[in-house]
Amino acid sequence: MGLYKQNNIRKKVFFYVENYYKGKLSSKQYETKDKEEVTLVYDHDKFIRKEIIKNIDGEKYLYKYLPNGEFIEKEKYYAPGKVTSP
């Protein structure tokens, strides 16, 4: 078995993707009804952070939260592989 594994899971009307690295859960991803992309980040199966990509006035922003819901930071989001200039 390789280093990476992906599970697609559907529970009733809820769909999410689980990503594994070296047999350990590394993230869960899903989309809200408001079209926000949510990623739950894990380190060795332990939940460490929640990331939400929100579209505000046509610009995408990445919000990060601790497991207890406390806000960490907000930054402009750029799609992976997309080249941008400041």
Side-chain angles (χ1 to χ4, degrees):
M1 183 167 175
L3 294 177
Y4 298 98
K5 179 182 173 189
Q6 181 174 314
N7 289 341
N8 297 322
I9 299 166
R10 180 176 301 278
K11 292 188 176 182
K12 294 187 182 180
V13 294
F14 192 76
F15 177 79
Y16 65 94
V17 176
E18 289 182 342
N19 295 298
Y20 291 84
Y21 178 71
K22 292 186 178 179
K24 303 282 185 177
L25 182 63
S26 64
S27 70
K28 289 183 181 180
Q29 299 168 311
Y30 62 93
E31 189 173 272
T32 67
K33 63 180 179 176
D34 299 325
K35 301 296 182 190
E36 297 173 342
E37 300 172 41
V38 178
T39 301
L40 306 176
V41 181
Y42 294 82
D43 184 25
H44 291 51
D45 291 335
K46 182 181 177 198
F47 177 53
I48 59 170
R49 172 174 79 245
K50 181 179 192 176
E51 299 178 348
I52 303 174
I53 300 172
K54 297 183 180 186
N55 191 345
I56 301 173
D57 295 328
E59 296 285 335
K60 288 190 175 185
Y61 292 92
L62 176 64
Y63 291 78
K64 295 181 183 179
Y65 300 88
L66 292 174
N68 65 5
E70 182 182 338
F71 176 75
I72 301 173
E73 70 176 319
K74 171 187 167 186
E75 59 187 45
K76 194 163 185 177
Y77 175 77
Y78 298 100
K82 185 178 180 182
V83 178
T84 60
S85 59

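The analysis underlying the following values was restricted to heavy atoms, covering all of them including side chains, and did not include hydrogens, waters or symmetry mates.
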Query raised in the report: In a check of side-chain hydrogen bond (donor to acceptor under 3.5 Å, both in side chains) between Tyr20 and each of Glu18, Lys24, Lys22, which one passes?
Result: Glu18
Report task. Could I get the full list of ring-ring contact (aromatic ring centres under 6.0 Å, His included) partners for Tyr61, not counting sequence neighbours? Result -> none
Requested in this report: For Glu36, check salt bridge (charged side-chain N to carboxylate O under 4.0 Å, His left out) against everything at least two apart and list the hits.
Outcome: none
Query - Closest non-hydrogen atom pair between Tyr65 and Ile52, with its separation - result: CE1-CD1, 3.9 Å
**Report entry** All side-chain contact (heavy atoms from CB on, under 4.5 Å) counterparts of Asn68, not counting sequence neighbours
**Finding:** Leu66, Glu70
Requested in this report: May I ask you to test the Glu51-Val41 pair for a side-chain heavy-atom distance under 4.5 Å?
Outcome: yes
Report summary line: Rounding to 0.5 Å, atoms CG (Leu62) and CD1 (Ile53) come to a distance of 6.0 Å
Query raised in the report: Side chain of Asn55, backbone of Gly58: donor and acceptor closer than 3.5 Å?
Result: yes
Requested in this report: Using the rule that two of Ile, Leu, Val, Met, Phe, Trp, Tyr join whenever any of their side-chain heavy atoms come within less than 4.5 Å, decide whether Val38 and Tyr77 are in one cluster.
Outcome: no
**Report entry** Cluster link Leu40 to Ile72, ILVMFWY, side chain under 4.5 Å
**Finding:** no
Query raised in the report: Can you find a heavy atom in the side chain of Thr39 that is under 4.5 Å from one in the side chain of Lys28?
Result: no
Requested in this report: Mark yes when over 12 heavy atoms from residues, nucleotides or ligands other than Lys50 sit less than 6.0 Å from its NZ; otherwise mark no.
Outcome: no
Report summary line: Residue set satisfying salt bridge (charged side-chain N to carboxylate O under 4.0 Å, His left out) with Lys60, at least two apart, ordered chain then number -> Glu37
Report task. Identify the two heavy atoms, one from Leu25 and one from Asp45, that lie closest to each other, and give their separation to 0.1 Å. Result -> N-OD1, 2.5 Å
**Report entry** Test salt bridge (charged side-chain N to carboxylate O under 4.0 Å, His left out) applied to Lys76 - qualifying residues, sequence neighbours left out
**Finding:** Glu59
Requested in this report: Please round to the nearest 0.5 Å and tell me the distance separating atom CZ of Phe47 and atom CZ of Arg49.
Outcome: 9.5 Å
Query - Ser26 vs Asn19, side chain to side chain donor-acceptor pair (under 3.5 Å): CA-CA, chis, key distance, verdict - result: CA-CA 6 Å; Ser26 64; Asn19 295 298; 5.6 Å; no
Query raised in the report: Who pairs with Tyr63 by ring-ring contact (aromatic ring centres under 6.0 Å, His included), at least two apart in sequence or on another chain?
Result: none
